[in-house]
There are 2 protein chains.
Amino acid sequence: MNQQAIEDYLKTIYLLEQTESPVSTSRIAEARQVRPSSVTNMVKRLYDRDLVHYRKHYGVTLTDEGQVIALEMLRHHRLLELYLTQELGFGWDEVHEEADALEHVISEKLEERIAALLDHPQFDPHGKPIPARDGTMIEVDCQPLTQLAQGDSGIVSRIDDDTNSELLRYLEQLGLMPGTDIQVTKVTPFDGPITAQVNNEQIVVGHKAADNVYIKKQ
Amino acid sequence: MNQQAIEDYLKTIYLLEQTESPVSTSRIAEARQVRPSSVTNMVKRLYDRDLVHYRKHYGVTLTDEGQVIALEMLRHHRLLELYLTQELGFGWDEVHEEADALEHVISEKLEERIAALLDHPQFDPHGKPIPARDGTMIEVDCQPLTQLAQGDSGIVSRIDDDTNSELLRYLEQLGLMPGTDIQVTKVTPFDGPITAQVNNEQIVVGHKAADNVYIKKQ
DNA sequence: TTATAATTTTAGGCATAACTAAATTATTAT
DNA sequence: ATAATAATTTAGTTATGCCTAAAATTATAA
């Protein structure tokens with residue numbers, strides 16, 4: 001079993017656990033784009049290594065040991081994304097794949113140097129929290145733009161699907177990046193578009209895109 | 001056949017070809033620490049992919065296509081070594097392993113950004129030439145310190161074995177780093193130590209270490 | 001309780017990449 | 001030229017990793 005595959009599975013399980021825990025094999029299969037039987041096999045091997053708890057027909061959760069590895073990958077990934085944008089001029093829509101490959105390869109020493117150089121940052125370019133070395137992570141109370149009501153205002157906190165370059169480029173055009181102030185001007189029913197005030201401009205954004213934009217209400 | 005294994009074999013073959021070409025399977029086996037028969041198998045697969053020329057019982061050389069990949073890896077490796085020392089505070093004795101892992105993973109885009117940020121450098125921290133994107137590379141006419149005679153002077157050009165951290169730390173202590181002026185004060189027979197003037201100090205360096213220090217005579 | 005859906009088991013595929021031992025080929029010394 | 005030696009290749013084996021389809025099992029909800 002190679003380390004990269006282990007790390008990818010653990011990361012997937014970690015992220016799925018944020019929504020529902022325990023995680024079913026079919027959810028993992030879906031996320032990893034393999035068959036459920038492949039997942040069952042892999043999960044057994046992860047279980048043999050004490051990286052997950054596993055009860056048949058019930059689900060999977062990470063052990064402490066498994067979570068340490070998952071968080072390490074998440075830390076690597078998000079630090080790298082920030083590093084690439086801040087220090088190497090990458091766009092926030094270009095960093096996901098690069099970080100996905102690099103996260104498995106950088107040493108702890110390099111991780112630490114990058115973190116220090118960036119002044120131990122708390123968030124990646126998409127507003128996602130970067131786990132600290134001890135596994136702790138800031139939680140921001142926020143909600144999708146689609147759930148705000150007319151008149152509500154707040155600050156863009158994070159973009160949910162940070163793997164979708166096209167979406168990111170679109171949101172950037174609209175100015176919907178973490179830290180931006182936003183006030184909802186108008187909402188429309190039946191998952192219709194949302195109108196909002198952003199950077200002193202009126203913007204209109206479709207429901208699907210808006211669903212990825214999480215706002216911290218004020 | 002995974003890409004990393006291919007790249008490692010091609011890099012090995014490239015480096016061995018600098019000394020003698022064609023390269024025998026046993027030389028490759030020695031360099032890669034595997035059995036000659038394993039190399040024969042691998043070489044056949046490389047041949048199937050047009051990455052090497054291969055004649056049984058005769059030897060192996062890189063095809064153009066193979067050389068492109070080998071040089072790309074060398075470029076990645078050396079750029080990364082320089083980047084890690086210049087931008088991330090790594091010592092020249094700490095970068096080899098990190099670069100060895102990263103070289104297979106960075107994208108062309110990241111390579112280019114790193115190169116640009118470093119102002120398209122020509123040499124890595126050990127004085128080795130960095131291949132340009134088109135495969136060209138500066139050649140420096142230099143020779144091992146052990147081959148200089150008393151009174152000869154020059155500039156340290158490069159360190160041959162850049163994988164040996166201990167050696168690199170030792171040479172750094174002595175001030176024997178690329179760019180340093182050096183004048184040979186005394187040589188001793190039977191592979192004995194060499195005395196030289198470096199940074200206004202007299203230093204004594206053993207034959208084995210000196211053999212790794214290449215000098216550009218003036 | 002029985003049908004349906006989800007999950008697991010089984011058995012095997014396919015690729016990589018190493019190894020050993022035996023056979024073959026090339027080189028060297030007589 | 002030939003025998004001895006060295007280098008190389010062949011053939012077969014081992015081990016790993018990750019996947020799949022199909023069959024069997026288990027959970028669940030009507």
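This structure is a prediction, so every number in the text was calculated from the model and none was measured. All values below come from the heavy atoms of this structure, side chains included, with hydrogens, waters and symmetry mates left out. Note on naming: letters A, B, ... go to the chains in the order of the sequence lines (proteins, then strands), and numbering restarts at 1 for each one.
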Looking at every strand, decide which applies to [X] at a 4.0 Å heavy-atom threshold: base, sugar-phosphate, or nothing.
X      : answer
S38(A) : base
Y54(B) : sugar-phosphate
S26(B) : sugar-phosphate

Phosphate OP1/OP2 of [N]: any [X] side-chain N/O under 4.0 Å:
X      : N       : value
K44(A) : dT8(C)  : no
Y9(B)  : dA18(C) : yes
R35(B) : dT9(D)  : no
K56(A) : dT25(D) : no

[X] side chain: which of [options] is closest?
X      : options                   : result
R45(B) : dA17(C), dC19(D), dC19(C) : dA17(C)
H57(A) : dT10(D), dT25(D), dT9(C)  : dT25(D)
T25(B) : dT20(D), dT8(D), dT8(C)   : dT8(D)
V34(B) : dA17(C), dA18(C), dA26(C) : dA18(C)

Between [Y] and [X], do the side chains contain a donor N or O and an acceptor N or O under 3.5 Å apart?
X       : Y      : answer
E103(B) : H77(B) : yes
T63(A)  : D50(A) : no
H126(A) : E81(A) : yes

Worksheet item: Thinking salt bridges, do D141(B) and K216(B) make one under a 4.0 Å N-O criterion?
Response: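 Salt bridge: no.
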Practice prompt. Taking only Lys NZ, Arg NE, NH1 and NH2, and the carboxylate oxygens of Asp or Glu, determine whether E72(B) and R75(B) approach each other closer than 4.0 Å.
Written response: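 No salt bridge links E72(B) with R75(B).
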Between [atom2] on [N] and [atom1] on [X], what's the gap in Å once rounded to a whole number?
X      : N       : atom1 : atom2 : answer
I28(A) : dC19(D) : CD1   : P     : 12 Å
R55(A) : dA6(C)  : CZ    : P     : 19 Å
Y47(B) : dT9(D)  : OH    : C1'   : 16 Å
R27(A) : dT7(C)  : CZ    : P     : 9 Å

Worksheet item: Which comes earlier along DNA chain D counting from the 5' end, the contact point of Y58(B) or that of Q4(A), where each point is its nearest nucleotide?
Response: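 Counting from the 5' end, the first nearest nucleotide belongs to Y58(B).
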Worksheet item: Between T40(B) and Q33(A), which has a closest nucleotide on DNA chain D that is more 5'?
Response: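 The answer here is T40(B).
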Worksheet item: Is a donor-acceptor contact shorter than 3.5 angstrom present between the side chain of S37(B) and the base of dT8(D)?
Response: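 It does not, because no donor-acceptor pair links the side chain of S37(B) to the base of dT8(D) below 3.5 Å.
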